[in-house]
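Report on one structure; see the data block that follows.
Note that this is a predicted model, so its numbers are computed, not measured.
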Amino acid sequence: MMRRTSVFLMGAAVGAIVAVGAAQPRLLLEPATAMAAASDTYRQLNLFGDVFERVRADYVEKPDDAKLVEAAINGMLASLDPHSTYMDAKDFRDMQVQTRGQFGGLGIEVTMEDGLVKVVAPIDDTPAAKAGVQAGDLIAKLDDEDVKGMTLSQAVEKMRGAVATPIKLTVIRKGQDKPLELTLTRDIINIKSVRSRVEQDDIAYIRITSFSENTAEGLKKAMDDLAKQIGEDKLKGYIIDLRNNPGGLLDQAIEVSDTFLDRGEIVSTRGRNADEIERRNARPGDLAKGKPVIVLVNGGSASASEIVAGALQDHKRATILGSLSFGKGSVQTVIPVSGNAAIKLTTARYYTPSGRSIQAKGISPDIELVQDVPQEVKEKAEAAGVETTRGEASLKGHLKNGDDEKTGSPAYVPPDPKDDTQLKLAIDLMHGVQKNAAYPADPKAAVPN
């Protein structure tokens with residue numbers, strides 16, 4: 001069995017290799033050869049020490065020793081692949097918050113405007129909502145400290161904190177003559193990774209934005225609530241929207257896949273050595289009760305999203321609709337190190353039930369429909385140096401996967417559903433307005449595993 005700690009899928013890579021070949025060269029080393037290899041490694045470490053001391057002694061300004069070492073660690077990990085990284089204590093805490101899906105805070109979605117924190121929306125049943133914080137409010141001070149001069153992340157960090165601790169907000173509200181002062185008490189805030197609604201009275205639409213600790217539970221609750229709202233007899237099927245979902249926890253991707261499957265392999269992970277193979281299988285019980293399922297993907301669907309799409313596609317349990325996914329099929333293990341920090345290290349590649357590696361190739365939809373990106377969105381993205389087309393194959397230093405790598409597809413979802421051509425097609429398929437041989441998926445045609 002593969003050694004495991006906390007395993008995360010954060011948004012890119014996997015490749016098809018023969019794991020057996022990776023272990024044998026070490027097993028065949030003669031003692032003298034092994035000693036020579038170790039000696040060479042120590043010489044390289046001595047070289048690092050020499051350079052480190054030379055920089056400390058002769059650089060034009062006195063460097064920070066800790067920053068030099070951290071930069072060296074970052075460089076070492078970055079040389080491996082785009083997803084192996086070093087996390088200092090703060091980054092490690094932030095990652096834990098993201099994957100845990102909850103934190104101590106106020107419960108507001110915010111952005112930055114004119115140097116102040118602007119409230120996008122308060123989250124229902126949170127300290128912010130209970131205190132009367134409104135969308136559009138501008139937060140000028142936090143505990144009497146001016147927000148101007150802070151970055152958004154610094155302001156958010158200040159608003160988060162231990163549960164049951166107070167914080168005072170000075171709020172500028174349109175229509176009020178003077179700023180409001182509100183004292184809020186921090187509470188546990190749950191990040192909703194699952195959002196759902198009824199589409200056209202008879203379709204259950206469920207959007208999964210990431211895979212955190214509460215995602216599978218949120219999916220099951222959404223399915224149950226929507227089935228009751230619509231009625232089992234009236235329900236046409238489920239649209240699971242994984243577009244722009246960058247990934248998250250491996251076990252949650254497995255549990256989400258299992259929600260729609262009765263049996264068979266969901267995913268296998270394969271490490272460097274031949275014995276580092278782990279297979280995860282579905283348990284009996286399709287909570288969708290055989291209803292048709294359409295999974296929406298695009299160039300922003302990565303890693304854990306691709307595990308779900310690949311498993312349901314191979315088992316012919318769902319029709320995959322949209323554009324080519326990102327193509328990240330590697331597993332990152334988060335390993336704590338000294339100083340409350342951690343490294344996120346690529347330790348395995350994953351494969352779909354049929355044995356497909358999607359590293360730098362992605363999941364090709366059963367029904368391909370590329371969402372048009374408006375010209376103004378393209379121009380804004382170009383001005384910000386952001387590409388609207390995303391793909392693992394375009395990342396420098398990505399794990400290679402043969403000669404047929406693919407470059408991804410646009411990662412754009414229109415904010416207004418009426419402009420969403422991929423969602424419209426999914427609805428039309430479920431209503432029979434449009435026909436396609438790939439819908440509904442036929443489990444009898446699944447790839448044996």
Determine, step by step, whether Leu423 and Glu199 satisfy the side-chain contact (heavy atoms from CB on, under 4.5 Å) criterion, reporting the C-alpha distance in whole Å, the side-chain angles of both residues, the deciding distance to 0.1 Å, and the verdict.
CA-CA 10 Å; Leu423 176 59; Glu199 279 287 347; 4.0 Å; yes
Are the side chains of Ile206 and Tyr238 in contact, using a 4.5 Å heavy-atom criterion?
yes
Carefully, step by step, assess Gln332 and Leu345 under the rule side-chain contact (heavy atoms from CB on, under 4.5 Å).
CA-CA 5 Å; Gln332 280 70 50; Leu345 189 67; over 6 Å; no
May I ask you to check whether Thr215 and Gln252 show a side-chain donor-acceptor distance below 3.5 Å?
no
Glu265 and His315: side-chain donor and acceptor closer than 3.5 Å?
no
Between Gln313 and Arg356, do the side chains contain a donor N or O and an acceptor N or O under 3.5 Å apart?
yes
Under 4.0 Å between a side-chain nitrogen and a carboxylate oxygen: does that hold for Lys234 and Asp201?
no
Can we say Asp143 and Lys168 salt-bridge, meaning some charged N sits less than 4.0 Å from an Asp/Glu carboxylate O?
no
If you round to the nearest 0.5 Å, how far is OG1 of Thr85 from CG of Asn74?
8.0 Å
Could you tell me whether Asp286 and Lys291 make a salt bridge, using a distance below 4.0 angstrom between a side-chain N and a carboxylate O?
no
In short, Pro127 meets Ile189 closest at the heavy-atom pair CD-CD1, 3.8 Å
What one should report as the nearest heavy-atom pair of Glu405 and Leu399 is OE2-O, 4.2 Å
Would you say the side chains of Thr209 and Asn245 form a donor-acceptor pair under 3.5 Å?
no
Can you confirm whether more than 12 heavy atoms, excluding those of Gln154, are under 6.0 Å from its CD atom?
yes
Around atom NZ of Lys158, are there more than 12 heavy atoms from other residues, nucleotides or ligands closer than 6.0 Å?
yes
With rounding to the nearest 0.5 Å, note down the distance linking CG in Leu321 to CD1 in Ile239.
9.0 Å
In this structure, which one of Ile363, Leu296, Val308 forms a side chain to side chain contact (heavy atoms under 4.5 Å, CB included) with Leu242?
Val308
Polar contact flag, side-chain donor to acceptor under 3.5 angstrom, Gln422-Arg243
yes
Below 4.0 angstrom, N of the basic side chain to O of the carboxylate: do Lys90 and Asp94 qualify?
yes
Using a strict threshold of under 4.0 Å (side-chain N to carboxylate O), is an ion pair present between Glu376 and Lys378?
no
Minimum heavy-atom separation for Ser305 and Gly247, please, with both atom names.
OG-N, 4.3 Å
Can a side-chain donor-acceptor contact be found between Tyr205 and Asp241 if the only test is distance below 3.5 angstrom?
yes
Modelled atom types, side-chain donor and acceptor of Asp366 and Thr319, under 3.5 Å
no
Any salt bridge between Arg56 and Asp65, counting N to O under 4.0 Å?
yes
Does Asp404 CG have over 12 foreign heavy atoms under 6.0 Å away?
yes
What I want to check is whether the side chains of Glu392 and His83 have a donor and an acceptor closer together than 3.5 Å.
yes
Any donor-acceptor pair under 3.5 Å linking the side-chain atoms of Asn298 with those of Gln371?
no
Please answer whether the main-chain N or O of Glu255 pairs with a side-chain N or O of Thr259 as donor and acceptor at a distance below 3.5 Å.
yes
Please tell me whether Asn214 and Asn190 have a donor and an acceptor in their side chains that are separated by less than 3.5 angstrom.
no
Do the side chains of Lys141 and Glu181 get close enough for a salt bridge, i.e. N-O under 4.0 angstrom?
no
Residues, nucleotides or ligands: over 12 heavy atoms within 6.0 Å of Asp233 CG
no
Please round to the nearest 0.5 Å and tell me the distance separating atom CG of Asp428 and atom CG of Asn436.
12.0 Å
How far does CG of Leu169 sit from CD1 of Ile108, to the nearest 0.5 angstrom?
6.5 Å
Nearest 0.5 Å please: distance from the CZ atom of Arg100 over to the CG atom of Leu249.
10.5 Å
Salt-bridged, Asp420 to Lys424, with N to O below 4.0 Å?
no
Can you confirm whether the side chains of Ser301 and Ser325 place a donor and an acceptor under 3.5 Å from each other?
no
Determine whether Val119 and Glu109 make a side-chain contact, defined as any pair of heavy atoms from C-beta on separated by less than 4.5 Å.
no
Where the side chain of Asp262 meets the backbone of Gly285, is there a donor-acceptor pair that is under 3.5 Å apart?
yes
Do Ser153 and Thr151 get their side chains close enough for a donor-acceptor pair, meaning under 3.5 Å?
yes
Salt bridge (Lys or Arg N to Asp or Glu O under 4.0 Å) involving Lys289 - partner list, sequence neighbours excluded
Glu232
Taking the side chain as everything from C-beta on, heavy atoms only, tell me whether Ile343 gets closer than 4.5 Å to Ser84.
no
Is there a donor-acceptor pair under 3.5 Å between the side chain of Glu145 and the backbone N or O of Leu142?
no
Could Arg270 and Glu278 be called an ion pair, given the rule that one side-chain N must be under 4.0 Å from one carboxylate O?
no
Heavy atoms only: give me the nearest Ser303-Tyr350 pair and the separation to one decimal.
O-OH, 2.9 Å
Would you say the side chains of Ser212 and Thr99 form a donor-acceptor pair under 3.5 Å?
no
Which of these passes side chain to side chain contact (heavy atoms under 4.5 Å, CB included) with Thr352: Leu312, Ile307, Ile358?
Ile358
Evaluate the side-chain contact (heavy atoms from CB on, under 4.5 Å) criterion for residues Val194 and Arg207: first the C-alpha distance (whole Å), next the side-chain angles of each, then the deciding distance (0.1 Å), finally the verdict.
CA-CA 6 Å; Val194 178; Arg207 167 139 177 72; over 6 Å; no
Asp64 CG: over 12 foreign heavy atoms closer than 6.0 Å
yes
What closest approach, in Å, do Pro415 and Pro417 show between heavy atoms, and which atom pair accounts for it?
O-CD, 3.6 Å
Between Leu116 and Ile172, is any pair of side-chain heavy atoms under 4.5 Å apart?
yes
Side-chain donor or acceptor of Arg160 paired with backbone N/O of Leu106 under 3.5 Å
no
Check step by step if side-chain contact (heavy atoms from CB on, under 4.5 Å) holds for Asp258 and Ile266.
CA-CA 7 Å; Asp258 196 5; Ile266 293 173; 3.9 Å; yes
Mind checking whether Gln375 and Glu379 have side chains closer than 4.5 Å, heavy atoms only?
yes
Please tell me if the side chains of Val198 and Leu226 come closer than 4.5 Å, counting only heavy atoms from C-beta onward.
yes
Under the salt bridge (charged side-chain N to carboxylate O under 4.0 Å, His left out) criterion, do Asp137 and Lys118 qualify, and how do the steps go?
CA-CA 6 Å; Asp137 282 351; Lys118 183 176 182 179; over 6 Å; no
As an exercise, state the distance from CD of Glu70 to OH of Tyr86, rounded to the nearest 0.5 Å.
5.0 Å
Nearest heavy-atom pair of Gly299 and Ser409: which atoms, and what distance?
N-OG, 3.0 Å
